[in-house]
Amino acid sequence: MSRGVDVTVCPNGPLLIRGDLGVRTPDGEVHRTERPVSAVCRCGKSASLPWCDATHQAIRTKFDEEGARDE
C-alpha cells in the first residue's frame, strides 16, 4: 500500500516532504529516502544536494512568493 505525500514550503528554506519520496536530479539520478520527513534544498547551494543542509541560512537566501531566488 503506497502512502500519500505531504509537502510544506518553509519560508526562505527547504521543502519538507512527508511520505514515500524519490527526488530526480537534472542528470536523471534518483535519490530515495525512507525518513519520515525529508528536507529538499531550494537554494541550490547545499553540499548534500538534493537534500537541505541549512546552507541557505549561512548565505541568507530569500525566496519570493513565487519561489524565485533572490540572493
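None of the values given here were measured: they were computed from a predicted structure.
Scored by the salt bridge (Lys or Arg N to Asp or Glu O under 4.0 Å) test, D27 finds no partners at all (sequence neighbours excluded). Contacts of R32 classified as side-chain hydrogen bond (donor to acceptor under 3.5 Å, both in side chains), with partners at least two apart in sequence or in another chain: D20.
Considering only heavy atoms from C-beta on, T25 comes within 4.5 Å of H31 through its side chain. The closest side-chain heavy-atom distance from C10 to L15 is not below 4.5 Å. Two residues are said to be in side-chain contact when any heavy atoms from C-beta on lie closer than 4.5 Å; L21 and S38 meet this criterion. Contact of the P36 side chain with the R18 side chain is not registered, since no non-hydrogen atoms from C-beta on lie closer than 4.5 Å.
No chain of hydrophobic side-chain contacts below 4.5 Å, direct or via other Ile, Leu, Val, Met, Phe, Trp or Tyr residues, connects V37 to I17. Linking Ile, Leu, Val, Met, Phe, Trp and Tyr residues whenever their side-chain heavy atoms come within less than 4.5 Å leaves L49 and V7 in two separate clusters. V23 and V5 fall within a single hydrophobic cluster, where Ile, Leu, Val, Met, Phe, Trp and Tyr side chains are chained together by heavy-atom contacts under 4.5 Å.
Looking at S46, its side chain never comes within 3.5 Å of a backbone N or O of C41 through a donor-acceptor pair.
Grouped with V30 in a hydrophobic cluster is no other residue, since no side-chain heavy-atom contact under 4.5 Å to another Ile, Leu, Val, Met, Phe, Trp or Tyr is found.
Separation of atoms CG (D53) and NZ (K45) is listed at 12.5 Å; rounding is to 0.5 Å. A distance of 10.0 Å separates CD in Q57 from SG in C43, rounded to the nearest 0.5 Å.
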